[in-house]
Amino acid sequence: MDVFKNLIRWYHKNKRDLPWRRTSDPYKIWVSEIILQQTRVDQGMEYYIRIINRYPDVNALANAAEDEVLKTWQGLGYYSRARNMLLSAREIENKHSGHFPENYCDIRNLKGIGDYTAAAIASIAFNLPYPVVDGNVLRVISRLEGITDPIDSASTKKYILNLLEEKIDKKLPGDFNQALMELGALICTPSNPRCIICPLNVHCNAYHTGRIKQIPVKTKKQAKKIRYFEYFIILVREDNKWFTFLEKRSGEDIWKGLYQFPLIETKSLLQNPIEEFFSRNKGFIRPDDILEQYTSKMISHILTHRIIKARFQMLLLESADEEFYEGFKVDYKKLFSYPFPRLTDRYLKVFVEKFEKKFV
DNA sequence: CATACGTGGCT
DNA sequence: TAGCCAAGTAT
């Protein structure tokens with residue numbers, strides 16, 4: 001069967017020139033694979049450049065502070081990737097003497113590395129014959145083989161993995177894996193695949209049976225739930241300097257490890273947010289101390305399975321009793337050194353335009 | 001096995 | 001436009 005020979009030939013002729021394809025450094029390949037989890041090349045590219053510049057090797061990353069790594073990752077999403085990458089860098093420093101592990105098992109045991117990423121690093125960096133099964137591969141193979149079982153079920157993934165374990169090029173498994181993914185990214189796309197120029201079209205079951213639009217099959221997704229976030233940007237002047245208040249997000253929830261302004265979360269829209277804030281933070285600020293107050297428009301922040309409806313309350317204050325607040329006080333000038341989710345970062349840019357000249 | 005986790009581009 | 005989905009992982 002020369003199906004995959006055509007694929008490899010196509011890959012060498014058509015592959016994109018990407019920075020992580022110009023190195024054999026497992027560290028850099030690892031960083032690229034973490035960034036590319038659920039993320040398009042176009043979106044991840046600038047982050048890859050930034051991270052490699054800032055942390056050129058495992059040691060540099062291992063010695064970084066979590067806040068700094070998260071700031072570097074700010075805007076990319078799925079922030080546990082950044083936290084786990086840092087944990088794994090430290091693990092490599094401490095338990096592998098700073099040397100990136102070279103076998104599948106040790107790679108797979110690192111935090112943030114699952115079946116896909118372990119196979120990707122093992123094959124690309126160390127030439128080990130582990131097939132990758134990612135979204136591209138599931139789409140390409142299910143079409144090629146005319147698989148109509150849902151590709152998001154474990155059994156279908158296992159079936160495709162077993163199939164590829166037989167087919168994988170043992171000499172150049174990294175190229176084999178990347179060729180399959182590259183085909184999925186450039187030709188065998190989810191919508192409007194370019195079957196006419198596909199190097200596998202002769203052998204493609206879905207193509208020949210007119211089922212390209214029906215395959216792959218996926219089980220249904222659930223509806224979006226709405227969360228309401230009411231933020232309070234509190235500004236206080238002391239000794240001719242402006243301060244605000246922040247909290248670090250913890251717990252198993254969205255944006256863990258990032259920072260936020262004092263927040264009230266509700267399941268429905270708050271009618272009197274300021275009142276609610278006073279009653280929840282007794283002694284922190286007093287209504288009499290408010291010099292100026294502004295309420296932003298409602299901002300809808302759309303996530304895959306969530307809609308966050310957020311609003312920012314800006315309060316300019318005479319004074320505040322920080323002992324009654326659980327977060328911490330920040331010099332306004334240092335605000336932008338903290339990692340924030342996109343929602344906050346976006347609003348902050350509007351905020352600066354609109355208000356900064358009033359008090360800075 | 002289902003669900004949570006971000007963001008942005010495309011249809 | 002609302003929905004889909006992108007080089008997945010952890011729980």
Side-chain angles (χ1 to χ4, degrees), chain A residues 11 15-16 18-21 29-48 70 73-85 87-88 107-125 130-140 150-158 161 174 176-186 188-193 213 216-225 227 249 251-258 300-308 310 339-346:
Chain A
Y11 176 66
K15 67 177 177 182
R16 291 167 289 182
L18 305 170
W20 48 88
R21 287 186 176 155
I29 290 164
W30 169 48
V31 170
S32 77
E33 288 300 338
I34 301 300
I35 289 173
L36 263 22
Q37 287 170 1
Q38 296 289 281
T39 304
R40 289 188 174 79
V41 166
D42 289 346
Q43 196 186 352
M45 182 69 82
E46 62 172 289
Y47 286 87
Y48 175 81
L70 284 170
W73 199 272
Q74 179 177 299
L76 233 204
Y78 284 154
Y79 298 93
S80 66
R81 290 183 292 174
R83 289 185 283 105
N84 285 332
M85 193 172 73
L87 288 176
S88 290
I107 298 170
R108 178 64 179 79
N109 281 138
L110 294 169
K111 287 200 172 53
I113 294 185
D115 293 342
Y116 162 78
T117 305
I121 296 170
S123 64
I124 297 169
Y130 293 89
V132 295
V133 181
D134 74 328
N136 288 307
V137 173
L138 289 170
R139 186 172 57 255
V140 170
I151 57 164
D152 44 8
S153 82
S155 61
T156 308
K157 285 178 189 164
K158 181 72 180 161
L161 176 67
F176 178 90
N177 282 337
Q178 292 188 82
L180 227 32
M181 293 191 283
E182 193 79 336
L183 188 80
L186 300 182
C188 193
T189 48
S191 57
N192 306 322
K213 284 188 176 164
V217 174
K218 281 190 156 182
T219 55
K220 253 218 271 299
K221 301 273 165 92
Q222 90 239 36
K224 286 187 163 75
K225 288 173 190 165
R227 297 173 71 170
R249 283 185 72 88
E252 301 309 306
D253 193 13
I254 190 170
W255 301 327
K256 181 179 178 184
L258 303 195
S300 284
H301 189 72
I302 316 289
L303 309 167
T304 302
H305 300 299
R306 293 278 176 277
I307 298 175
I308 293 174
F340 293 107
R342 194 61 119 193
L343 166 66
T344 306
D345 190 49
R346 286 226 176 86

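Excluded from the calculations below are hydrogen atoms, water molecules and symmetry mates; all remaining heavy atoms, backbone and side chain alike, are included. Fair warning: this is a prediction, and the values are worked out from it, not measured in the lab.
Going from atom CG of L343(A) over to atom C1' of dG8(B) covers 15 Å, rounded to whole Å. Between I302(A) atom CD1 and dA2(C) atom P the separation is 9 Å, expressed in whole Å. Rounded to whole angstrom, the span from the CG atom of N192(A) across to the C1' atom of dT11(B) amounts to 8 Å. Distance CZ (R306(A)) to P (dG3(C)): 15 Å, rounded to an integer number of Å. Counting to the nearest Å, the P atom of dG8(B) and the CE atom of M45(A) are 17 Å from each other. Atom NE2 in H305(A) sits roughly 14 Å away from atom C1' in dA2(C) (whole-Å rounding). Across the protein-nucleic acid pair, K158(A) atom NZ and dC1(B) atom P stand 13 Å apart, rounded to whole Å. Protein atom CZ of R83(A) is 11 Å distant from nucleotide atom P of dC5(B), rounded to whole Å.
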Readout for nucleotides 5-11 of chain C: B = base within 4.0 Å of protein heavy atom, S = sugar-phosphate only, - = neither; 5' to 3' it is BBBBSS-
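Listed by chain and residue number, Y104(A) satisfy the ring-ring contact (aromatic ring centres under 6.0 Å, His included) test with Y130(A) (two or more places apart in sequence, or in another chain). With sequence neighbours left out, Y48(A) forms a ring-ring contact (aromatic ring centres under 6.0 Å, His included) with W20(A).
Across all strands, G75(A) comes closer than 4.0 Å only to sugar-phosphate atoms, never to a base (heavy-atom distances). Residue D253(A) is in sugar-phosphate contact alone, with no base atom involved, counting any heavy-atom pair closer than 4.0 Å across all strands shown. In this structure, I35(A) reaches neither bases nor backbone, as no heavy-atom distance under 4.0 Å exists between it and the strands shown.
More than 12 heavy atoms of other residues, nucleotides or ligands lie within 6.0 Å of NZ in K224(A), so this atom counts as buried by the packing criterion.
Distances shown here put a side-chain N or O of H301(A) below 4.0 Å from the OP1 or OP2 atom of dT7(B). At dC5(B), none of the side-chain N or O atoms of W73(A) fall inside 4.0 Å of OP1 or OP2 (strictly under the cut-off).
Residues C188(A) and N136(A) form no side-chain contact, since every pair of their non-hydrogen atoms from C-beta on lies 4.5 Å or further apart. When side chains are defined from C-beta on, W30(A) counts as touching S88(A), because their heavy atoms get closer than 4.5 Å.
Each of R227(A) and A154(A) was assigned the nucleotide of DNA chain B with the nearest heavy atom; the assignment lying further toward the 5' end belongs to A154(A). Residues Y79(A) and S155(A) both approach DNA chain B. Their nearest nucleotides, taken by heavy-atom distance, put S155(A) toward the 5′ side.
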Before you tell me yes or no, could you show the steps for D115(A) and K157(A) under side-chain contact (heavy atoms from CB on, under 4.5 Å), namely the whole-Å CA-CA distance, both residues' side-chain angles and the distance that decides it to 0.1 Å? CA-CA 11 Å; D115(A) 293 342; K157(A) 285 178 189 164; over 6 Å; no
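For the P atoms, the distance linking dC10(B) with dA7(C) amounts to 14 Å, nearest Å. For the C1' atoms, the distance linking dC4(C) with dG6(B) amounts to 15 Å, nearest Å.
At least one donor-acceptor pair closer than 3.5 Å links the side chain of R21(A) to the backbone N or O of R16(A).
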